[in-house]
Structures are given as C-alpha cells and as structure tokens.
Amino acid sequence: MERHQITGHTELIGLLAYPIRHSQSPATHNAAYEKLGVDIVNLAFEVDAPELEDAIKGLRALKLRGANVSMPNKTIVHQYLDEISPAAKLCGAVNTIVNKDGYLVGHITDGIGYIQSLKDNDIDPAGKKLTIVGSGGAATAVEIQAALDGVAEMSIFARDDKFKQNALDTVKKINENTNCKATFYPLEDLDKLKEEMHSSYLFTNATGVGMKPLEGITYIPDSSFFRPDLIVTDVVYAPHETAMLKMARHAGCKTMNGQGMMLFQAIAAIELILGKRVDSAYMKEKLG
Ligand code: NAD
C-alpha cells in the first residue's frame, strides 16, 4: 500500500464510532483526499458513547478540520456541537462535523447521498410521489432529505417494532417543516402498500430487509406490486442486488441499489469539511 507522506503540515480527520475497525469509510475518504491533492489523512477511532464528549473536546483542542461520525454516536453527538444543520436537526442525527475555527457544525449527509445517487442515475423525484419503507436511521435520513428536496407526496410504511415511532415522528416533522405531504401506513397492510406503490413515481426500501441476516428476503409478496414505469431503489448495497430489486428488475423496473448513496454521502461529507468536491467517476472506479 502506497502511504501518504506525513509531515508537520499533515492534518487529521477522524471517524468516531464503535465498533469501526471493519469500516470502508477511512479508505474511501483517504482516496478522495489523495485525488483532491490535500495533505490530510483520515483515521478511524474506536469511540463509544461514554467517550464521545472527551473525543469532541479533543477534536477542538487538536484543531481537527472535522470528523465523520457513525453509530452509536450519530444520535447523541449534537449535544456537544455549536450548531446543527436543518436536515440533521430534523433527522436527530449527525454524521459529519465541520470545524470552523473552533465552531463545530453538525450535518447529516446520508439523505443527501441518496438524492445525489438518484440524480446520478437521471432520477429526479422533485414534485413527485415517493413510497418508502423504513423507520430506522437510513430511512429517516432519506425521508427528511427527500421532503426537503421537493418530493411532493410521501407514503411511509413501517412494521410495528421499536422503530415505528420514528416513522410517525418523521411524518409529523415533514408535514410541519416542508411542503411535502407525508402519510404513515403500517407495513402489515400490504393491500395499501400495493395501492401506494401503484400511484408512485419512486419506491424505496430503506430497511435492512434483503441484507444479512435477511438476505434473500423481501416483504413484497409478488411482482404484481411493480409496474415497468415504477423506479425501484434499495438502500442496501450488499448484496449488490437484493431479492426485492431482482423481482423489480424482472418486472421491467429501472432499479438502483444503495452503493451510490454510500459513495455520495462520503463525497458530500468531504465537500462540507474541505469545501472541495471530488470527482464521483474517479471514486466509483477507485472503490470498484
Ligand atoms: P436501523 O437498525 O436504524 O433500522 C432498521 C429498519 O429496518 C427499521 O425501519 C426496521 O423496522 C426495519 N426492519 C428490520 N427488520 C425488518 C423486517 N423483517 N421487516 C420489515 N422491516 C424491518 O438500520 P439503518 O441504519 O436504518 O439501516 C437499514 C439498512 O440501510 C441496512 O441494510 C444498512 O446497511 C442500510 N444503509 C445503507 C446506507 C447507504 O449508504 N447505502 C447507509 C445507512 C444504512
């Protein structure tokens, strides 16, 4: 592995999460810094919730340019920051910290990444209807950003579990803070799901269904839920094609997996911290 030449000028950006050693994120960010020609390295730090406050104090003291944040810290780091972006406030989560001369601003780029991955595939949901399934972190970020970016109508489905209240809260926040009209439906009502999918431009799975340990599984009973002009996307990126995306593709739908969301959320985070945008085609090639 070719190593970045570290000197007294080299700056550090940290990823604060636990567990984190398996993460692809530092490799992605370091590849982007190299392409941008900036003298910065990105390292993963095993920071769990009890150590987070000290880690943020350290970030200030060491004058890091910023940080990336993952679980379990995404939903608690806001209390140690000076300002939170409107999207991060609505999501109740932060994945990017920008250090503006000691003033720390929190952002969330997961939803931005999803919307940019749509645009990258010539899909524009502005002014249209989205049906989406999910009530967890990824779903909330996508739902909030889609509403902020001009989706006109959103039908949010979620199953009755510990995340359901998030979806109900998200619907309320969207209706109170954006021009999008959001409605909640229980995922158990499959007739309603089919009806809402049939009147939508875009359908998105924003749950972990389709990924291990739920690989090969989908809550969509059969291909009659799809019509060829429905665009179908999944936030899951491993496997490359979930059972749901495969069924949609066979029904003639244009499909997109979660790989673009992951790439573009990183590109957006780097742009927020450094004020520079790395070429997405280069990053796609670099990351395979
Ligand atoms: P989470 O734990 O916060 O939420 C899990 C969600 O899955 C909830 O809505 C829950 O109701 C739903 N769910 C779980 N089992 C279900 C089932 N059997 N039937 C119906 N719904 C079910 O998780 P998360 O962080 O939101 O991640 C969800 C998925 O999104 C994961 O597969 C993750 O890999 C993916 N993700 C992708 C990106 C990306 O950049 N592409 C980013 C974040 C997460």
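We count residues from 1, following the sequence as given. Note that ligands are numbered from 1 as they come in the structure, with each ligand's atoms numbered from 1 the same way. Reckoned from all heavy atoms, side chains included, excluding hydrogens, waters and symmetry mates.
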Counting heavy atoms only, which part of [X] comes closer than 4.0 Å to ligand 1: side chain, backbone, both or neither?
| X | value |
| --- | --- |
| Leu214 | side chain |
| Thr207 | both |
| Asn166 | neither |
| Met211 | side chain |

Quiz item: Is there a heavy atom of Val209 sitting under 4.0 angstrom from any atom of ligand 1?
Solution: yes

Quiz item: So, does Gly134 sit close enough to ligand 1 that a heavy atom of it is under 4.0 Å from the ligand?
Solution: yes

One thing to verify: whether [Y] and [X] come together as a salt bridge, which I'm taking to mean a side-chain N less than 4.0 angstrom from a carboxylate O.
| X | Y | result |
| --- | --- | --- |
| Asp149 | Lys119 | no |
| Arg249 | Glu241 | yes |
| Lys74 | Asp110 | yes |
| Asp82 | Arg60 | yes |
| Lys128 | Glu153 | no |

Donor-acceptor under 3.5 Å ([X] side chain, [Y] main chain):
| X | Y | answer |
| --- | --- | --- |
| Asn166 | Gly136 | no |
| Asn73 | Val69 | no |
| Lys254 | Asn121 | yes |

Can you tell me which residue and heavy atom of the protein come closest to [atom], and the distance to 0.1 Å?
| atom | answer |
| --- | --- |
| atom 2 (O) of ligand 1 | Phe163 CZ, 3.3 Å |
| atom 30 (O) of ligand 1 | Val235 CG2, 3.1 Å |
| atom 4 (O) of ligand 1 | Gly136 CA, 3.4 Å |
| atom 3 (O) of ligand 1 | Gly137 N, 3.0 Å |
| atom 11 (O) of ligand 1 | Asp161 OD2, 2.6 Å |
| atom 18 (N) of ligand 1 | Arg159 NH1, 3.3 Å |

Under 4.0 Å from a heavy atom of [X]: which atoms of ligand 1 are those, numbered in the order shown and with their elements?
| X | answer |
| --- | --- |
| Gly208 | 7 (O), 28 (C), 29 (C), 31 (C), 32 (O) |
| Gly258 | 39 (C), 41 (N) |
| Leu187 | 20 (C) |
| Val236 | 32 (O) |

Quiz item: For Asn68, which of Thr96, Asn42, Asn95 qualifies under side-chain hydrogen bond (donor to acceptor under 3.5 Å, both in side chains)?
Solution: Asn42

Quiz prompt | Criterion side-chain contact (heavy atoms from CB on, under 4.5 Å) against Val209, the qualifying member of Asp234, Val236, Ile217 | solution = Ile217

N or O contact, [X] vs ligand 1, cut-off under 3.5 Å:
| X | value |
| --- | --- |
| Ser135 | yes |
| Ala138 | yes |
| Ala206 | no |
| Tyr237 | no |

Practice problem: Tell me, please, whether Tyr282 has Lys35 positioned over its six-membered ring: NZ or CZ under 6.0 Å from the ring centre and within 45 degrees of its axis? | Solution: yes

Quiz prompt | Under-4.0 Å heavy-atom contact between protein and atom 23 (O) of ligand 1 | solution = no

Quiz item: For atom 42 (C) of ligand 1, which candidate among Lys164, Met261, Lys74 holds the nearest heavy atom?
Solution: Met261

Exercise. List the steps, then state whether side-chain hydrogen bond (donor to acceptor under 3.5 Å, both in side chains) holds for Gln165 with Asp169.
Key: CA-CA 6 Å; Gln165 189 57 44; Asp169 293 346; 2.9 Å; yes

Quiz item: Taking everything shown except Lys194 itself, do over 12 heavy atoms lie less than 6.0 Å from its NZ?
Solution: yes

